[in-house]
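Below you'll find the structure, written out as structure tokens, and then a few comments.
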Amino acid sequence: MPLFGTDGVRGLANGPLTADLALSLAQATAVVLGQGRTADARRAAGKRLTAVVARDPRVSGEFLAAAVAAGLASSGVDVLEAGVLPTPAAAFLISDMDADFGVMVSASHNPAPDNGIKIFARGGVKLPDLVEQRIEAAMSGPKLQPTGAGVGRIRRFSDAEDRYVIHLLGSLPHRLDGIHVVLDCAHGAASGVSPETFRDAGARVTLIGADPDGMNINDGVGSTHLDQLASKVREVGADLGIAHDGDADRCLAVDADGTVVDGDQIMAILAVAMKERGHLVKDTLVATVMSNLGLHKAMAEHGITVEQTSVGDRYVLERMDQGGFSLGGEQSGHVIMSEYATTGDGLLTGLHLVAEMARQRKTLAELASIMTVFPQVLINVKGVDRTRATTDEGVAEAVAEATAELGASGRVLLRPSGTEQLVRVMVEAADEHTAHRLGEQLADVVRERLAL
């Protein structure tokens, strides 16, 4: 199996993800990302390369971040140690400080025993697959081992959080005065910076999930567990709730009644607002194939084109970069506003969502009504030959029949897993009964036709 997955290196801390692995990975990163004209120019000017290192509050992040910093410094890279910060903050700081690259130690929405290592290139952008492969190959090759004055220094990045907060506040089109928001920080990386930023922007803030102890990250809270947030919003009579995940690159919301507002609805609200202000480049939104049909219909009604990509924020980012687009994201709450960020940023997204409520003087439910969410059924069919999902004639015939029945009021999507013998069957329809009926029918066909 390759070391890098869809979002960096991830695994059980002190299981497959050890301090030795973190150190070796950092040394290989210094070898690969330390190449190129800019790096050569810095060395020619007598300067060392610089990297930003940050982490979420998992207890294992302490020793893993220390190992990463040691690996970089031993390779002649100066390390700016930013401490506990969201992933998008680390990406911003790499660009803001003109650092050569950066490393985030986090396993995002995973439970506390897991951890991960995400590497960002110059400018705070994610690495392409080819560069990740080169880093993995370099782990078994020679390391950079300067001595004396050539080794890197590790320094605490004292104003890292302040720089990020100022950046977020400077992006806002409107203050948040008069809005009461409940923030669920998932006991994660946003626990300190998110409440500070929302309050500085004028919001009244109630907190849950903002007491990290190193082991409670994502434990019953955050963007994958919205029940507590919905209950707290209703209990305190707040205008809305915002939920982050462990590293705060996601944002989901609930309205004043506790109804979930997902990433598709958030993107719809922001896309229309950005178009009105002339900030939606080419009047285009980038979304994945899993985005709800209701998003496509709502955007069409407002003269906005939706570009589709494969599932994964990295594919959304690639398409945004290719087309120069300014807004994209996923139903899961990864929303990318490229005018201000190089990756999904849950704080940025939440702030701009609340800013629209304040600017338009509308409730979140009113804003979210811009889009009708079509019932969506997702069935994982296990123990089947995923390689034949797109070529089997019987499956293709069943998909065609379901598609014809749905017409313009729904759609069908079959997605083979990239790692398991599993096929995902997704059906959207105008009513839940039809979505479930057709979803089960297609799942039965897949089981029968693709059985191993």
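Computed from heavy atoms alone, side chains included, the values below leave out hydrogens, waters and symmetry copies. Residues: numbered from 1 along the sequence shown.
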query: Glu428 side chain to Arg411 main-chain N or O, any donor-acceptor pair under 3.5 Å?
result: no
field: Under 3.5 Å donor-acceptor, Glu330 side chain and Gly312 backbone
entry: yes
- request: With sequence neighbours left out, write down each residue that passes side chain to side chain donor-acceptor pair (under 3.5 Å) with Glu339, or none if nothing qualifies.
  value: His279
- prompt: Could you walk me through whether Lys126 and Asp313 pass the salt bridge (charged side-chain N to carboxylate O under 4.0 Å, His left out) check?
  reply: CA-CA 10 Å; Lys126 291 190 175 184; Asp313 64 331; 2.9 Å; yes
Thr434-Asp431 side chain donor-acceptor pair, cut-off 3.5 Å: yes
- prompt: Mind checking what makes side chain to side chain donor-acceptor pair (under 3.5 Å) contact with Asn110, not counting sequence neighbours?
  reply: Arg10, Asp114
- prompt: Do Ser291 and Asp264 have side-chain N/O donor and acceptor atoms under 3.5 Å apart?
  reply: yes
- prompt: So how far is it from Thr29 OG1 to Ile119 CD1, rounded to the nearest 0.5 Å?
  reply: 3.5 Å
query: Ignoring hydrogens and geometry, is there a side-chain-to-backbone donor-acceptor pair from Lys282 to Gly323 under 3.5 Å?
result: yes
message: If we ignore hydrogens and angles and just use 3.5 Å, is the side chain of Gln421 paired with the main-chain N or O of Arg386 as donor and acceptor?
response: yes
task: Would you indicate whether Asp227, at its atom CG, is surrounded by more than 12 heavy atoms from other residues, nucleotides or ligands within a distance under 6.0 Å?
output: no
No-hydrogen, no-angle side-chain donor-acceptor test under 3.5 Å, His109 and Arg250: yes
message: Once side chain to side chain donor-acceptor pair (under 3.5 Å) is applied, do any residues pair with Asp211, and if so which ones, sequence neighbours excluded?
response: none
query: Is any side-chain heavy atom of Val182 closer than 4.5 Å to a side-chain heavy atom of Leu240?
result: no
task: Spell out, as yes or no, whether a donor-acceptor pair under 3.5 Å connects the side chain of Thr259 to the backbone of Asp257.
output: no
query: At their closest point, which heavy atom of Leu85 faces which heavy atom of Ala54, and how far apart are they?
result: CB-CB, 4.4 Å
Backbone N/O of Ser191 and side chain of Ser194: donor-acceptor pair under 3.5 Å: no
- request: Would you sort out whether Asp159 and Tyr164 count as a side-chain hydrogen bond (donor to acceptor under 3.5 Å, both in side chains), showing the intermediate values?
  value: CA-CA 9 Å; Asp159 64 342; Tyr164 180 54; over 6 Å; no
- request: Would you confirm whether Arg58, through its side chain, and Gly246, through its main-chain N or O, come within 3.5 Å as a donor-acceptor pair?
  value: no
Scan the side chains in residues 88-98 for donor-acceptor partners under 3.5 Å anywhere in the protein, sequence neighbours excluded, and list what turns up.
from: Asp96; atom 1: OD2; to: Arg163; atom 2: NH1; distance (Å): 2.8
from: Asp98; atom 1: OD1; to: Arg122; atom 2: NH1; distance (Å): 2.7
from: Asp98; atom 1: OD2; to: Arg42; atom 2: NH2; distance (Å): 3.2

Presence of salt bridge, Arg437 and Glu405, under 4.0 angstrom: yes
- prompt: Are the side chains of Val289 and Leu413 in touch, meaning some heavy atoms are under 4.5 Å apart?
  reply: yes
- line: Looking only at heavy atoms, the pair that brings Arg415 and Met290 closest together is CD-SD, 3.9 Å
field: Atom pair CD1 (Ile379) and CG (Leu442), whose distance is rounded to the nearest 0.5 Å
entry: 8.0 Å
- request: Could you grab the distance from atom OG1 of Thr363 to atom CD1 of Ile179, nearest 0.5 Å is fine?
  value: 9.5 Å
task: Using a strict 4.0 Å threshold on nitrogen-to-oxygen distance, state whether Arg361 and Glu366 make a salt bridge.
output: no
message: With a 6.0 Å cut-off (strictly less than), is the heavy-atom count around CD of Glu276, excluding the residue itself, greater than 12?
response: yes
Check: Asn218 side chain, Ser108 main-chain N or O, donor-acceptor pair, under 3.5 Å: yes
query: Taking only residues two or more places apart in sequence, or in another chain, which ones meet Tyr340 in a ring pair (Phe, Tyr, Trp, His ring centres under 6.0 Å)?
result: His352
query: Okay, side chain of Gln228, backbone of Gly220: is any donor-acceptor separation there less than 3.5 Å?
result: yes
query: For Gln441, which of Asp444, Val445, Leu438 qualifies under side chain to side chain contact (heavy atoms under 4.5 Å, CB included)?
result: Leu438
- prompt: Sub-3.5 Å donor-acceptor pair from the side chain of Asp245 to the main-chain atoms of Ala248, do we have one?
  reply: yes
message: Test of understanding: with side-chain contact (heavy atoms from CB on, under 4.5 Å), list the residues that count as partners of His180, not counting sequence neighbours.
response: Arg204, Thr206, Val236, Ala238, Asp239
task: Return yes when atom CD of Gln360 has more than 12 non-hydrogen atoms of other residues, nucleotides or ligands closer than 6.0 Å, and no otherwise.
output: yes
